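See below for the structure under consideration.
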Amino acid sequence: MDILADLNKKQIEAVTTTTGPVLVLAGAGSGKTRTLIHRLAYLLTAKNILAPSVLAVTFTNKAAKEMHERVGALLGRPSTSFPLVGTFHSVSCRFLRREAKLIDYPSHFSIYDEDDQLSLIKNIIKDLGLNVKQIQPRAVLGAISRAKSDLITPTQYETDKAVDYFTKLVAQVYSRYQPALRANRAFDFDDLINQMVWLWQAHPEVLKRYQNQFNYLLVDEYQDVNRAQYVWTKLLAGESRNLCVVGDDWQSIYSWRGADFGNILRFADDYPEARVIKLEQNYRSTKIIISASNAIMERAELKADKTLWTENPKGESISILEVEDEVAEANFVVSEVIKLAQGKSNEAELIYEPIEETGLLPQITPIARYYGVDDDLHQFAVLYRTNAQSRALEEACLKAGLPYQLIGGVRFYERREIKDILAYLRLLINPFDSISFRRVCLNLTHGLGLTSVELVLQEAQTRQVNFLEEALLKNVNISSARREIFKKLAFLYKELDKLLPKLSVTKLIDEVLKKSGLEEDLLDGTTEGEIRLSNIQELKTVAEERAPGKGREALEQFLTEVSLWQDQDSLNKRKNGITLMTLHSAKGTEFKTVFLVGMEEGLTPHASSLDDPRELEEERRLCYVGLTRAKEKVYCLYASSRRLFGTVYPGIPSRFLGELPEALVQTTIINPF
DNA sequence: CGGAGCCACGTTTTT
DNA sequence: CGTGGCTCCG
């Protein structure tokens, strides 16, 4: 097996430069993932590095999984002798659970997601005697999270950042927020990184241990690391400095979440001896698409210098289309897909017939009906700036019978029934978890309300005991009926605790479904209840796959996995259909044909970015990401009027369209008259 | 305590 | 236009 076969010169350099710091600037479609995978394989075989001393960090579980599988395929060895490949959060969580006792946390701490964080913050605001309505807990959480991604502690925030009313309020909430997490034996997502950084800084001997173990470090999507992740990486790379980071500053689209692509631009400051390797040859797209993408990025102010090029054919022009409104836009996309899909498949399977007209705009593109069964539809994607835009597209697809796959929207683990079940299980592992306790009482236990639950919570807090201790209730001033309900709940948990060692997670979920009465509640004959129950069935499938085995250990593993694996489409089976998703979700994907819809001022670029040049730059990069998803053909659409939240707005073509060189585009105005 | 109606609000979201 | 969060009442 030749690991270097089929790689270009630059890629080979990136694969074989195994010692010292390496920065790989990998343009869109330049074979970045391939290079990474080959580098891992090269380390393990040609260099005979032992798997346990290699660590590869990604941002998404999907990327981690892909890397794992593809290295496996390349090496053809069992996954047991694999290096550790995982997301920043999952890897750090693993470390943190191992070392938790050093910072006085149990190893089975809960992991709080955004919902949980918000509940916690709302409670703190209430405790401070402030009005939750006037404050927007979301904004406070956002500020805290941003501070945390910059490794700013509550104390530092108070002294350095608290300058006006809002930031002073944030300081107040933040200083109570961290102790609140501790009281709950919980960490939030940011903590999974931060606490490890702080732990390493406070315990150099522990850091040393990790540095000694992981001699070879690989970080993917480096443009997306925030300050905390940057420090985390730098600490771990330590003195060996065998750190290879791969990324593309042009594809930095998460700076609003604390990602700082400056980290990629400043890499050489920390590592002056770094080898910088640029992967500029694109294997994905046509010359036209690459020229257009370069034209967009030429105008970016702050960026690493690189130019994408390709040996691929010139390809088709980029079609710019003006349509009447979002309905016409969706109709155009749908009929165009049907037309194109027909060209590629058995014609007998596709029959066109205009279906009943809407009555509103009968002149506009009569929708054809899709009768196909081919799976070429995977080759089409419709990308938009905001999730709200998916509605018109979905409707057009449904009307035409065109199968589609919607990425994003309400995520599986954010569904109420799922969160409820998980809260129930989480409380079993961590009975100090007040957020889960609240959920269990309020959503899954009849007869309990906010007032009595708050009283119990308060009593537990003053006595420093967990919520399930019966003795606790003696001093709580609630009616005897409610006291009985609490006692029943506590008893139920005791029972579950006893059964736990013998039960698989699947069985445990069944047990909870029955004993909590949730199953009974959901079997109320409504389809909604049915759907919720089937979601829980799906959760059981996840449990079987990700956490087989029995008892506490399996349950802990399951809870960690589902907390950290919130991936959108990991649960959606890849069914046939065109893909509908936001530009953000599109990063890392590729399609033969891409429709960029809503290319209007105020949408792409988004209105909220117009007054800030830096945010505008991010919109530009977003546009770049959109264009470079396409292998063969790009359509850009804008509507001359668009209905948003019930009101009609005039549509002005996006500035980015005007920046595309005229020679590359073909503009058509689809006018109904 | 919990359901029904009313009002406010509305980017992007890897973990 | 829809959703979700809150209030009021039974």
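Here the structure is a predicted model, which means the values were calculated and not measured. Each chain gets a letter, A, B and so on, in the order the sequences are listed, and its residues count up from 1.
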- Test ring-ring contact (aromatic ring centres under 6.0 Å, His included) applied to A:W232 and A:W198, A:W200, A:Y210, the passing residue: A:W200

- Could you pick out which residue, A:V453 or A:L583, lies toward the 5' side of DNA chain B when each is mapped onto its nearest nucleotide? A:V453

- Task: Examine B:dT15: is either OP1 or OP2 under 4.0 Å from a nitrogen or oxygen in the side chain of A:N61? Give yes or no.
- Result: yes

- Between A:F187 and A:Y105, does the ring centre distance come in under 6.0 Å? yes

- Specify the separation, in whole Å, of atom CD1 of A:I407 and atom C1' of B:dT12. 16 Å

- Ring centres under 6.0 angstrom apart (A:Y424, A:F437): no

- Query: When all nucleic acid strands are considered with a 4.0 Å heavy-atom cut-off, which category describes A:T647: base, sugar-phosphate, or nothing?
  - Reply: nothing

- Message: For residues 438-457 of chain A, which residue pairs pass the side chain to side chain donor-acceptor pair (under 3.5 Å) check, not counting sequence neighbours?
- Response: A:D420-A:R439, A:D420-A:N443, A:R438-A:E454, A:H446-A:D521

- Within the stacking criterion (centroid distance below 5.5 Å, interplanar angle below 30°), does A:H584 stack on B:dT12? no

- Message: In whole Å, measure the gap between the P atoms of C:dG4 and B:dT13 for me.
- Response: 16 Å

- Query: Touch check for A:G447, heavy atoms < 4.0 angstrom, all strands: base, sugar-phosphate only, or nothing?
  - Reply: sugar-phosphate

- Message: What's A:S452 touching, base or sugar-phosphate or nothing? Going by heavy atoms closer than 4.0 Å.
- Response: sugar-phosphate

- If only side-chain N and O atoms of A:N387 are considered, is one of them under 4.0 Å from the OP1 or OP2 phosphate oxygen of B:dT13? yes

- Message: Is the base of B:dT15 stacked against the aromatic ring of A:F88, taking ring centres under 5.5 Å apart and planes under 30° as the test?
- Response: no

- Length of the NE2-C1' vector between A:H446 and B:dG3, whole Å: 13 Å

- Note on the structure: With syn defined as a glycosidic angle within 90 degrees of 0 and anti as anything else, the base of B:dT11 is syn

- Message: Does A:R97 qualify as a cation-pi partner of A:F109, given the criterion of NZ or CZ under 6.0 Å from the six-membered ring centre and within 45 degrees of its axis?
- Response: yes

- Item | Position toward the 5' end of DNA chain B (nearest nucleotide), A:K587 or A:T445 | A:T445

- From the list B:dT15, B:dT12, B:dG10, which nucleotide is the closest neighbour of the side chain of A:F189? B:dT15

- A:Q136 CD to C:dG4 P, straight-line distance once rounded to whole Å: 17 Å

- Query: Where the side chain of A:T451 is defined as all heavy atoms beyond and including C-beta, which of B:dT11, B:dC1, B:dT12 is the nearest nucleotide?
  - Reply: B:dC1

- Query: Expressed in angstrom and rounded to an integer, what is the separation of A:L450 atom CG from C:dG5 atom C1'?
  - Reply: 14 Å

- Item | Pair A:H584 + A:Y254: ring centers closer than 6.0 Å | yes

- When we call it a touch if two heavy atoms are under 4.0 Å apart, what does A:R482 touch: a base, just sugar-phosphate, or nothing? sugar-phosphate

- Report yes or no: is there a donor-acceptor pair, N or O only, under 3.5 Å between the side chain of A:R257 and the base of B:dT15? yes

- Item | Rounded interatomic separation in angstrom, taking CG from A:N194 and P from B:dT15 | 18 Å

- Query: What is the distance from CZ of A:R416 to P of C:dG5, rounded to the nearest Å?
  - Reply: 11 Å

- Message: Need one value for A:I193: base, sugar-phosphate or nothing, where a base atom within 4.0 Å counts as base even if backbone is also close, heavy atoms only.
- Response: nothing

- Query: Distance check: side-chain N/O of A:S585 vs OP1/OP2 of B:dT12, anything under 4.0 Å?
  - Reply: no

- Can you find an N or O donor on one side and an acceptor on the other, under 3.5 Å apart, linking the side chain of A:R385 with the base of B:dT11? no

- Query: Quick one: which of B:dG10, C:dG2, B:dT15 gets closest to the side chain of A:H89?
  - Reply: B:dT15

- Message: Output the rounded distance in Å from CG (A:L444) to P (B:dC1).
- Response: 16 Å

- Query: Between B:dT15, B:dT11, B:dT12, which nucleotide gets closest to the side-chain atoms of A:L564?
  - Reply: B:dT15

- Message: Applying the salt bridge (Lys or Arg N to Asp or Glu O under 4.0 Å) criterion to A:R642, which one of A:E601, A:E326, A:E329 satisfies it?
- Response: A:E329

- Query: Is any side-chain N or O of A:T582 closer than 4.0 Å to OP1 or OP2 of B:dT11?
  - Reply: no

- Query: Is there a side-chain polar atom (N or O) of A:T386 under 4.0 Å from OP1 or OP2 of B:dG10?
  - Reply: no

- Task: Assign A:L644 to base, sugar-phosphate, or nothing according to its heavy-atom contacts below 4.0 angstrom with the strands shown.
- Result: nothing

- Protein-nucleotide distance (A:L622, atom CG; B:dT13, atom P), rounded to Å: 10 Å

- Message: I'd like the C1' distance from C:dG5 over to B:dT12, given in whole Å.
- Response: 23 Å

